[in-house]
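Here's the structure we're looking at; comments come further down.
Letters go in sequence order (proteins before strands), and every chain restarts at 1. Worth knowing before you read on, the calculation uses all heavy atoms, side chains too, and leaves out hydrogens, waters and symmetry mates.
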Number of protein chains: 2
Amino acid sequence: MADVARQAGVSVATVSKVVNGRYGVAQSTLDRVQQVISDLGYEASLGASSLRSHRTNVIGILVAEFEPFSTELLKGASSAIGATGYELLAYSGGARGAEVGWERRYLSRLGGTLIDGAIIVTPTVVDAANGIPVVAIDPHTGPSGSTPTVDADNFAGAVMATEHLIALGHRRIGHVGGRPDLESARLREAGYRSAMAAAGLPVDESLVVNGGYRAETAGQPARAMLTGPDRPTAVFAANDLSAIRTVEVAREVGLRVPEDLSVIGFDNVPESALCDPPLTTISQPLRDIGAQALRLLVDLLNEREVPTHLRLPTSLVERGSTRRLA
Amino acid sequence: MADVARQAGVSVATVSKVVNGRYGVAQSTLDRVQQVISDLGYEASLGASSLRSHRTNVIGILVAEFEPFSTELLKGASSAIGATGYELLAYSGGARGAEVGWERRYLSRLGGTLIDGAIIVTPTVVDAANGIPVVAIDPHTGPSGSTPTVDADNFAGAVMATEHLIALGHRRIGHVGGRPDLESARLREAGYRSAMAAAGLPVDESLVVNGGYRAETAGQPARAMLTGPDRPTAVFAANDLSAIRTVEVAREVGLRVPEDLSVIGFDNVPESALCDPPLTTISQPLRDIGAQALRLLVDLLNEREVPTHLRLPTSLVERGSTRRLA
DNA sequence: CTGAAAGCGCTAACAG
DNA sequence: CTGTTAGCGCTTTCAG
């Protein structure tokens, strides 16, 4: 900025006014400074300007990791940013995202200055006590407190998944659950149990295992379930990643999918359509969720009233991993 | 930080030393300060610290927009960040990403302070004259100058796509091109022409149109081609988005895909498998590209020697949108 | 209308 | 070992 000021023969203060479109600059000065700015390709440093002004027009999206789930949300938010005038800054702390409370750390790291507001994706805790407006997507504790929340209807989706398997004639239906400390996983298991009960089917507790939502953690429990004395004919996995892993395990133990075992997932991440066979799953409108969260946050930043909780519907996507019980 | 200092009974300078692990702090002081830090949940502001120290351990990924292409790269970079100790900051300027030279602006906005190095995705220009180390992915001008570049073999991929159609018996093969100002689009068209020539097939220039790489811009030219006097039996589209749009247009004008028209895309973004029919396409190893770019940048930051250009292979993915000419 | 000066939160000499 | 001081690049009073 000093360079610009020198070359335009003005002070940095004046350059700052031009850059920020403040009133009180003569037209001739304005033109001259703007010319120099474009000649030099000058752009204000986000770090420095935010430090002083506490307004950046940047919205942060804080994620533990860039994986299929969070990047779908990102696409949705990006498409909704349109003419809002905000820019998007997605942040992931690499290996540190594994630690509990990462969202609070990222928030204080970026929040004081760099970003005006934040969307936090599947945070473990949501204590709104951070200076800036925050919207949570699918928080682990469920919607609570004063932080607006966007999520999908996990319970209804799980009911839908289980009913689909039941409608195909399955009776022995297993469940590869998610992380039990997460609200979404609890709701999905509850939906499974509710649908089973509604159909008058008993739940064999040896067929309900903890898959931890990840491919690495789902393999062992899935194997145990599928090699047990009385294996299920169908499995509802709590998310697509563990469903895909379950299909792999089934194959490893000599079961064909869907001939010998039907598998249904949850989320409908793009990867679920790419595997073999393509996965039947429950679709969460991830892009919509991202877009809605962004709109909510923008409203919040404009000090408009916003709903405290948005719950979007899920739907069944039938592909090749489920079939009627022979 | 002032709060921490006060509560621990030390100066902010000492707190800074503790936070940054500098030598010269008594163990007792260190313990006390660290206790207060974790009590208060303090985390240094990225903006402020970077302003002063010019070292942040943050790598920036600069994209025009978060869409399927760039988010795949993001997943790759995220998976490669592992134990490097760096964090990832992906930046997109919303609507401003459409302007030419966006990458230079983002770079000066973030580069001076916030990020130690940057990966720029499909930049329009690559003038390495920005303070920080930069790696380019698929730059519009092709690899050039001193900026290390990672891309896929666009020419070979286009040859492969065209040969696939030829092998299926097609003779009248159209090409929905990308943006002619982009190197990748030029190479893909060149590959198409080369494969046609090698097979002794003439190129009907009315069958080579400019689709601009986007769904919105590809529709009209695709329609013109398909409703012309002597329509092609197969189309090679320069990327998946325009291929998908071409399939839609075909359907609108009464052509069935693949029965009446074969369509092949390029990129293999996840969306290409999700459409109906699933798209046959040329796969770019997008995640690999992202991961390699990150490794290159880390090497650069560690002042190691790096190759100036990494070209990754493409491959054919056969799905449902192409078939043998009846 | 313009510029001098103060200060955002932090780090880096340096002095004690 | 610890605190004082200066200043990163910018914005913001406020006086000229």
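- Between the side chains of A:Gln35 and A:Asp31, no donor-acceptor pair is found at a separation under 3.5 Å.
- In this structure, A:Leu114 atom CG and D:dC10 atom P are separated by 14 Å, rounded to whole Å.
- Contact of the A:Val135 side chain with the A:Thr147 side chain is not registered, since no non-hydrogen atoms from C-beta on lie closer than 4.5 Å.
- Mapping heavy-atom proximity under 4.0 Å, the span of DNA chain C touched by chain B runs 5' to 3' from C:dG9 to C:dA12.
- Across the protein-nucleic acid pair, A:Arg55 atom CZ and D:dT11 atom C1' stand 15 Å apart, rounded to whole Å.
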**Item:** Stepwise salt bridge (Lys or Arg N to Asp or Glu O under 4.0 Å) test for B:Arg104 and A:Glu43
**Value:** CA-CA 9 Å; B:Arg104 221 191 23 61; A:Glu43 185 92 359; over 6 Å; no
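- In this structure, the side chains of B:Ile119 and B:Leu296 stay at 4.5 Å or more apart for every pair of heavy atoms.
- Checking B:Thr113 against B:Ser28, the closest nucleotide of DNA chain D that is more toward the 5' end is the one next to B:Ser28.
- Atom pair A:Leu46:CG and D:dC10:P shows a separation of 11 Å (rounding to whole Å applied).
- Across the protein-nucleic acid pair, A:Tyr42 atom OH and D:dG9 atom P stand 10 Å apart, rounded to whole Å.
- Contact detail for B:Gln284 and B:Ala152: the closest heavy-atom pair is OE1-CB, 3.1 Å.
- Under the 3.5 Å distance criterion, with hydrogens and angles disregarded, no donor-acceptor pair is assigned to the side chains of A:Glu65 and A:Ser70.
- For DNA chain C, the neighbouring residues in residues 2-26 of chain B, judged by any heavy atom under 4.0 Å, are B:Ala13, B:Ser16, B:Asn20, B:Arg22.
- With 3.5 Å as the limit, one finds a donor-acceptor pair spanning the side chains of B:Asp116 and B:Thr56.
- Within 4.0 Å of B:Thr29, counting heavy atoms only, lie sugar-phosphate atoms of the nucleic acid but no base atom.
- For A:Leu51 and D:dG7, the CG to C1' distance is 12 Å, given to the nearest whole Å.
- Taking atom CD of A:Glu43 as the reference point, atom P of D:dG9 lies 16 Å away to the nearest angstrom.
- The separation between B:Asp31 atom CG and D:dC1 atom P is 13 Å, rounded to whole Å.
- For the residue pair A:Thr124 and A:Glu103, a side-chain donor N or O sits within less than 3.5 Å of a side-chain acceptor on the partner.
- Checking A:Tyr213 against A:Ser184 by side-chain atom types alone, a donor-acceptor pair falls below 3.5 Å.
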